[in-house]
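Reading through the structure tokens given below for one structure.
These numbers come from a predicted model, not from an experiment. Throughout, protein chains are lettered first and strands after them, A, B, ... in sequence-line order, and every chain is numbered starting at 1.
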There are 2 protein chains.
Amino acid sequence: MSLSPTEENYLKAIFKIAEKEKKAVGTNSIAKQMDTAPASVTDMIKKLADKDLINYEKYKGVSLTPAGNKAATNLIRKHRLWEVFLVNKLRFAWHQVHDIAEELEHIMSDELILRLDAFLDYPKFDPHGDPIPNAEGKFTLRTQMSLSDMTLLQSGVVLGVKEHQTEFLKHLTKLNIKLGSEIKILEITDFDLSMRIHIDNKYEEVISKTISQNLLMKRN
Amino acid sequence: MSLSPTEENYLKAIFKIAEKEKKAVGTNSIAKQMDTAPASVTDMIKKLADKDLINYEKYKGVSLTPAGNKAATNLIRKHRLWEVFLVNKLRFAWHQVHDIAEELEHIMSDELILRLDAFLDYPKFDPHGDPIPNAEGKFTLRTQMSLSDMTLLQSGVVLGVKEHQTEFLKHLTKLNIKLGSEIKILEITDFDLSMRIHIDNKYEEVISKTISQNLLMKRN
DNA sequence: ATATTTTTTTAGGCTAAACTAAATTTATTT
DNA sequence: AAATAAATTTAGTTTAGCCTAAAAAAATAT
């Protein structure tokens, strides 16, 4: 059974919400994620439940079935592989690739993804540091923490970003922060928890708590 | 103004029909090309005429306006560039790429095509030997002729194929015929115009008129 | 030149995916 | 526990792109 791009997007939205909140996913949160009216979500929910992609009880929210989970992770796999292609092969910047990958992820050929994966050398993480699930839907796990949870004089390496907004990513680039950058905390201001940091032992910058919270690190 | 994939496909269909038949393009021929009912074509024709992409007079058929022509050639450009990507980079065979490119051609980013073109080294022809229009919609022309129009003992190089059907392309592959192959006509049978040919001075095969008609050659 | 055939358009419907407004159920306050 | 608020569903429309059947126009044949 094949899914429309819209159906796939709903499954992905449900997956992403379920990732954060443990419990059943509500109509309203899906509506917000998809930027549609709650009534539209109810319609689609019924359709996906009929196809056994989600578990649904009226007024009780939804969760993905194994089949739905498979479809969602496969879409995420495709999205992230295409992002790797766009950045590593076509030399796009990391803030430019989300919307394009959002379209590319719906191309249907499985053979295409197989070959793309090989062409890219089987990457395990995308340009934002997010793990790329394998063909079975398994994500590679790593221990990582927000820079905001590290303390004075500690240092670490940037593994990824929590926030994917264009403006945030452009800002990081301006600060010379990228995946793999080494960051050392030189000073923490008690008042607002802003940090003075050393980037790759080369650039000294001050960053707000909002930024340090969204930087995912491996501590040295 | 942005076009839906369906609208783009109609423009492409009109372009392809207009390429062969000089006159105005009729509703029925579009319906056949698009595999839809003529009534659906009439609906869409009106919409495209409203957007000034085609010239349309009731019962008189249609033709592309400059804007429509631009959109159609751009779609063909994208299709053919993606085919080059699939064959040259992902190592697909030439008979596998049409359907996938049919989906990829509708990805909207112009920047993507710009970068893809550069990544592929600005190819002028696709894996079937069809010219790739440049960003302004200009096609590179070459003098070429069907193998069926060449005569005994002449030889030439395969530039492209007229027919794109999977089975035809697979058959050529089995005969060791590909773009760039040198072919010499050893014998022509008067009765059915089949040919005995030498391929790359290495393989000797007999091919029917149907095949020789669909092979486009540069004569030595 | 009229009759027949072919092509094209109109009319009326259908489905997927959205919407708004109203009704209903569940959750939260007082 | 009743009242209010929030979340969810139902009901009724909308739009794009398709369909079939019937009507109208153009092309072809007699």
[X] has an atom [atom1]; how far is it from atom [atom2] of [N], in whole Å?
X	N	atom1	atom2	value
B:Lys58	D:dA26	NZ	P	10 Å
B:Lys60	C:dT9	NZ	C1'	14 Å
A:Asp43	C:dA16	CG	C1'	10 Å
A:Tyr10	C:dA16	OH	P	14 Å
A:Asp35	C:dC19	CG	P	8 Å
A:Ile45	D:dT10	CD1	C1'	14 Å
B:Ile30	D:dC18	CD1	P	13 Å
A:Lys51	C:dA16	NZ	C1'	10 Å

**Item:** Which residue lies more 5' along DNA chain C, comparing B:Ser29 with A:Val41 via nearest heavy atoms
**Value:** B:Ser29

I want to check one thing: is the phosphate of [N], taken as OP1 and OP2, less than 4.0 Å away from some side-chain N or O of [X]?
X	N	answer
A:Ser40	C:dC19	yes
B:Ser4	D:dA16	no
B:Thr6	D:dA16	no
B:Tyr56	C:dT9	yes
B:Asn28	C:dT8	yes
B:Tyr59	C:dT6	no
B:Thr42	C:dT8	no
A:Lys46	D:dT10	yes

**Asked** Given the rule in the salt bridge (Lys or Arg N to Asp or Glu O under 4.0 Å) test, do B:Glu83 and B:Arg80 qualify, once you have shown the distances and angles that lead to the verdict?
**Response** CA-CA 5 Å; B:Glu83 286 201 344; B:Arg80 293 182 180 170; over 6 Å; no

**Prompt:** Is the A:Trp94 ring parallel, tilted or perpendicular to the A:His128 ring (thresholds 30°, 60°)?
**Reply:** parallel

**Request:** Take the angle between the ring planes of B:Phe119 and A:Phe119 and call it parallel below 30°, perpendicular above 60°, tilted in between.
**Result:** perpendicular

**Nucleotide nearest A:Met44 (side chain, heavy atoms from C-beta), chosen from C:dA18, D:dT10, D:dT20** = C:dA18

**Request:** Select base, sugar-phosphate, or nothing to describe what A:Gly26 touches, counting heavy atoms under 4.0 Å on all strands.
**Result:** sugar-phosphate

**Prompt:** Is there a donor in the side chain of B:Asp126 and an acceptor in the side chain of B:His79, or the other way round, less than 3.5 Å apart?
**Reply:** no

**Asked** Looking at side-chain heavy atoms only, is the closest gap between A:Asn9 and A:His106 below 4.5 Å?
**Response** yes

